[in-house]
Student: 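Here it is, the structure, as structure tokens.
We use all heavy atoms of the structure for the numbers below, so side chains are in, but hydrogens, waters and symmetry mates are not.
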Amino acid sequence: MTFFCVAGGAYGLEDAIGAAGPMIVLVGILTLPWLWSFPTALMTAELATAMPEDGGYVIWVERAFGRFWGFQEGWLSWLCSFADNALYPVMFVDYLVYLNGDISSAERWLIGVGVISFVSWLNVRGIGVVGFSSVVFTLLVLAPFVVMVWLGAPKVETVHWFARAAAIDWPLLLSTLLWNTSGWDNPGCCAGEVIRPDRTYPRAMALTVALVTAVYLLPVAVGVSADTQWANWQEGQLPKIAAAIGGGWLGAWIAAAGLISAVGLLNALLCTSSRVSYAMARRAMLPRPLADLHPHHATPAKSIIVNAGGVALLIPFSFQELIQVDMFLYALALLLEFAALIWLRIKEPGMARPYRVPCGMPGVVAISIPPAALCVVSIVLSNEVTKYASLLGIVIGVVFYWWHCRTGASGEAEIAPTI
């Protein structure tokens with residue numbers, strides 16, 4: 001599940017090559033695990049094992065800073081999840097076009113809704129179904145990349161690794177790289193449903209960081225020699241690159257795996273994002289019906305359906321538009337999470353922490369600085385449309401919280417046992 005919360009294959013990284021060329025992207029893939037992925041994974045391991053409840057970062061931030069900031073964390077993450085989850089039906093259709101040819105806008109939307117409906121059905125049936133299907137999807141997605149790297153490695157010309165674009169699109173580059181290596185905190189939203197979280201989370205985080213780095217690095221290192229028209233690289237380019245390496249059959253296999261990857265990503269992230277609205281509803285931060293559980297499967301079915309409906313509305317937007325709004329909101333939410341990590345070490349030093357970030361408070365501060373700096377840079381470099389759209393969503397959240405308090409609907413909720 002963590003693999004699909006973060007990556008799901010090398011898909012989606014093509015825009016970064018188009019924005020900057022191979023050298024900067026390869027350097028980014030090698031450095032971001034240390035500056036971004038590992039710190040966020042360590043933060044998730046500590047907080048998820050200390051507070052193993054569904055809702056993840058909503059619970060962490062609320063415990064550190066109180067109800068208002070817990071709501072803001074949940075609201076930012078909820079908005080972010082709509083933009084993020086809408087990327088995967090868009091990705092599904094883009095890879096389907098490679099296999100089947102152009103399709104109309106109406107057909108794109110209907111196919112996207114079909115994908116969302118199938119994934120929603122899996123989610124309603126329970127996290128066990130989501131977890132098992134994620135294992136199957138992972139094996140199906142990785143197989144063609146192994147073949148692509150194996151066939152392409154003898155043809156690699158290392159000189160291409162050091163090329164860069166004449167004009168670099170820094171906002172698109174940074175948002176694409178960070179988006180492709182973000183999501184480490186999402187599995188924490190399901191901590192209440194994980195067996196032995198104190199053992200499971202640290203192992204899952206460490207293994208997945210290594211897997212994600214390899215899945216991005218090796219196909220890109222091979223692919224930039226197969227297709228040197230880097231300015232033309234954009235989302236959906238990987239099947240063409242694979243075809244140049246191994247022939248049409250490999251391109252079709254990569255495209256088919258892209259369909260599976262899109263389903264796997266939406267499957268895992270709909271699971272985690274629905275737990276955010278579920279946890280907020282349990283705390284009376286959102287309408288209480290969102291906390292209702294399915295009578296047979298004990299899943300937050302109404303939250304799943306509402307999240308799926310919001311995703312369906314965003315399908316008409318482009319991949320690039322969605323990714324930049326997604327990263328703007330995610331960066332703000334992640335800043336709150338690292339602040340909660342630090343403040344809880346000060347506020348509650350005696351809290352039971354089955355896993356602790358090493359080296360005490362200096363270690364916690366040290367791992368927080370690089371991702372926090374990258375979040376700030378990502379926010380500053382966002383284009384004007386992204387900033388205005390994201391800020392509008394934030395303002396709506398503040399107004400909703402104020403109205404919720406004034407109407408008395410936000411009284412303390414009775415927190416039922418976790419799922």
Student: Output, in order, the C-alpha distance, side-chain angles, deciding distance and verdict of side chain to side chain contact (heavy atoms under 4.5 Å, CB included) for F82 and S273.
Tutor: CA-CA 9 Å; F82 288 125; S273 63; over 6 Å; no
Student: Any donor-acceptor pair under 3.5 Å linking the side chain of E46 with the backbone of V357?
Tutor: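 Answer holds: yes.
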Student: Salt bridge check, D94 against R108: does any charged N sit closer than 4.0 Å to a carboxylate O?
Tutor: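 Judged by the 4.0 Å cut-off on N to carboxylate O distance, R108 and D94 do form a salt bridge.
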Student: Looking at S274 and I304, would you say the former's side chain and the latter's main chain have a donor-acceptor pair under 3.5 Å?
Tutor: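 No; zero donor-acceptor contacts below 3.5 Å.
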Student: Nearest 0.5 Å, please: how far is CE in M351 from CE in M51?
Tutor: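 The CE atom of M351 is 4.5 Å from CE of M51, to the nearest 0.5 Å.
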Student: Would you please indicate if the ring centroids of Y11 and F92 are separated by under 6.0 Å?
Tutor: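 Between Y11 and F92, the centre distance exceeds or equals 6.0 Å.
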Student: For L265 and A7, work out which heavy atoms get closest and say how close.
Tutor: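 Smallest heavy-atom distance, with atoms named: CD2-O, 3.3 Å.
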Student: So, does N123 use its side chain to make a donor-acceptor pair with the main chain of N267 at under 3.5 Å?
Tutor: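 Side chain of N123 to backbone of N267: a pair is present.
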Student: Which heavy atom of W184 sits nearest a heavy atom of T44, and at what distance?
Tutor: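 Looks like O-OG1, 3.3 Å.
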Student: May I ask you to test the I127-C190 pair for a side-chain heavy-atom distance under 4.5 Å?
Tutor: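 A side-chain contact under 4.5 Å exists here.
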Student: Does S261 reach the main-chain N or O of A257 with its side chain, forming a donor-acceptor pair under 3.5 Å?
Tutor: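 No, because the side chain of S261 does not come within donor-acceptor range (under 3.5 Å) of the backbone of A257.
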Student: Can you tell me how far apart CG (L381) and CG (L174) are? Round to the nearest 0.5 Å.
Tutor: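 Rounded to the nearest 0.5 Å, the CG-CG separation comes out at 6.0 Å.
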Student: Does the E107 side chain pair with the main chain of S104, one donor and one acceptor, at a distance under 3.5 Å?
Tutor: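 Pair found, side chain donor or acceptor close to backbone of S104.
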Student: List the residues meeting salt bridge (Lys or Arg N to Asp or Glu O under 4.0 Å) with D169, not counting sequence neighbours, and say none if there are none.
Tutor: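 Salt bridge (Lys or Arg N to Asp or Glu O under 4.0 Å) list for D169, sorted by chain: empty.
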Student: Kindly give the heavy-atom pair with the smallest separation between F328 and S390, and that separation in Å.
Tutor: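 The answer is CD2-CB, 3.2 Å.
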Student: In the structure I gave you, are the side-chain heavy atoms of Y388 and L392 within less than 4.5 Å of one another anywhere?
Tutor: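 Contact flag for Y388/L392 side chains = no.
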Student: Using distance only, find each side-chain donor-acceptor pair of residues 363-376 under 3.5 Å and give its atom names and separation, not counting sequence neighbours.
Tutor:
unit_1	atom_1	unit_2	atom_2	d
S368	OG	V364	O	2.7

Student: How about M1 and N186: do any of their side-chain heavy atoms sit closer than 4.5 Å?
Tutor: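 Of all side-chain heavy-atom pairs linking N186 with M1, none is under 4.5 Å.
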Student: Tell me the closest heavy-atom pair linking P89 and V311, and the distance in Å.
Tutor: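 That would be CG-CG1, 4.3 Å.
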Student: Using modelled atom types and a 3.5 Å cut-off, is there a donor and acceptor pairing between side-chain atoms of T272 and backbone atoms of L269?
Tutor: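 Indeed, once roles are kept as given, a pair shorter than 3.5 Å links the two residues.
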Student: Would Q237 and N232 satisfy side chain to side chain donor-acceptor pair (under 3.5 Å), going step by step from the backbone distance to the final call?
Tutor: CA-CA 8 Å; Q237 191 77 8; N232 297 329; over 6 Å; no
Student: Between atom CG of L172 and atom CD1 of I323, what is the distance when rounded to the nearest 0.5 Å?
Tutor: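 Result: 7.0 Å between the selected atoms.
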Student: As a quick check of understanding, evaluate side chain to side chain contact (heavy atoms under 4.5 Å, CB included) for T158 and V156, giving each step before the final call.
Tutor: CA-CA 6 Å; T158 56; V156 167; 4.2 Å; yes
Student: Would you call F71 and V61 a side-chain contact if the rule is heavy atoms closer than 4.5 Å?
Tutor: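 No; the side chains remain at least 4.5 Å from each other.
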Student: Specify the closest pair of heavy atoms between F65 and L336, including all atoms of both residues, with the distance to one decimal.
Tutor: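 Nearest heavy atoms, F65 then L336: CE1-O, 4.0 Å.
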Student: Taking W75 for the side chain and G393 for the main chain, is one N or O donor matched with an acceptor at less than 3.5 Å?
Tutor: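 Pair found, side chain donor or acceptor close to backbone of G393.
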Student: Under 3.5 Å, side chain of N180 to main-chain N/O of T176, donor-acceptor pair present?
Tutor: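 Indeed, once roles are kept as given, a pair shorter than 3.5 Å links the two residues.
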Student: Are Y355 and Y201 an aromatic pair by the rule of ring centers under 6.0 Å?
Tutor: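 They do not qualify: ring centres at least 6.0 Å apart.
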Student: Does a side-chain N-to-carboxylate-O contact under 4.0 Å join E73 and R63?
Tutor: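 Salt bridge flag = no for R63 with E73.
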Student: If we only count heavy atoms from C-beta on, is the I315 to I116 side-chain gap below 4.5 Å?
Tutor: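 Result yes, sub-4.5 Å side-chain heavy-atom pair found.
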Student: Can you classify the ring geometry of Y88 versus W179 as parallel (below 30°), tilted (30 to 60°) or perpendicular (above 60°)?
Tutor: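 If you compare the ring of Y88 with that of W179, the planes turn out parallel.
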Student: So, does K387 use its side chain to make a donor-acceptor pair with the main chain of V380 at under 3.5 Å?
Tutor: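 Yes.
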Student: Side chain to side chain contact (heavy atoms under 4.5 Å, CB included), that's the test. Do W170 and I24 meet it? Break it down for me.
Tutor: CA-CA 11 Å; W170 287 105; I24 295 177; 4.2 Å; yes
Student: Determine, step by step, whether D198 and R353 satisfy the salt bridge (charged side-chain N to carboxylate O under 4.0 Å, His left out) criterion, reporting the C-alpha distance in whole Å, the side-chain angles of both residues, the deciding distance to 0.1 Å, and the verdict.
Tutor: CA-CA 9 Å; D198 56 321; R353 293 175 171 87; over 6 Å; no
Student: Take the angle between the ring planes of W230 and H160 and call it parallel below 30°, perpendicular above 60°, tilted in between.
Tutor: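 W230 vs H160 ring planes: perpendicular.
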Student: Between K240 and E14 (salt bridge meaning N to carboxylate O under 4.0 Å), is one present in this structure?
Tutor: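 No.
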Student: Working note: N307 + W78, criterion side chain to side chain donor-acceptor pair (under 3.5 Å); need CA distance, chi angles, decisive distance, verdict.
Tutor: CA-CA 9 Å; N307 282 28; W78 201 36; 2.9 Å; yes
Student: Taking it one step at a time, do Y330 and D84 satisfy side chain to side chain donor-acceptor pair (under 3.5 Å)?
Tutor: CA-CA 9 Å; Y330 180 76; D84 189 42; over 6 Å; no
Student: Do M205 and T200 touch side chain to side chain, with heavy atoms closer than 4.5 Å?
Tutor: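 Side-chain contact under 4.5 Å: no.
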Student: Measuring only between side-chain heavy atoms, which start at C-beta, is L290 closer than 4.5 Å to Y278?
Tutor: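 They are not in side-chain contact.
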Student: Might you point out which heavy atoms bring A48 and G188 nearest each other, and give the distance in Å?
Tutor: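 Shortest heavy-atom separation between A48 and G188 comes out as CB-CA, 4.2 Å.
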Student: Give a yes or no on whether the backbone of S382 and the side-chain of T386 come within a donor-acceptor separation of less than 3.5 Å.
Tutor: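 Answer holds: no.
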Student: Taking C-beta and beyond as the side chain, do L47 and Y57 meet within less than 4.5 Å on heavy atoms?
Tutor: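 With C-beta onward as the side chain, the pair stays apart.
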Student: Between OG of S378 and CE of M327, what distance do you get to the nearest 0.5 Å?
Tutor: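 If I round to the nearest 0.5 Å, the distance is 4.5 Å.
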Student: Hey, is CH2 on W249 packed in by over 12 heavy atoms from elsewhere, all under 6.0 Å?
Tutor: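 Atom CH2 in W249 is packed in, count exceeds 12.
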Student: What's the separation between atom CD in Q324 and atom CG in L329, rounded to the nearest 0.5 Å?
Tutor: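 If we round to the nearest 0.5 Å, Q324:CD and L329:CG are 12.0 Å apart.
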Student: For the CG atom of N85 and the CG atom of L314, what is their distance to the nearest 0.5 Å?
Tutor: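 So the CG of N85 and the CG of L314 are separated by 9.5 Å.
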Student: Step by step, work out the side chain to side chain contact (heavy atoms under 4.5 Å, CB included) result for V90 and F317.
Tutor: CA-CA 8 Å; V90 172; F317 290 90; over 6 Å; no
Student: May I ask you to check whether over 12 heavy atoms, not counting those of F400, lie within 6.0 Å of atom CZ?
Tutor: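 Atom CZ in F400 is crowded, with more than 12 foreign heavy atoms closer than 6.0 Å.
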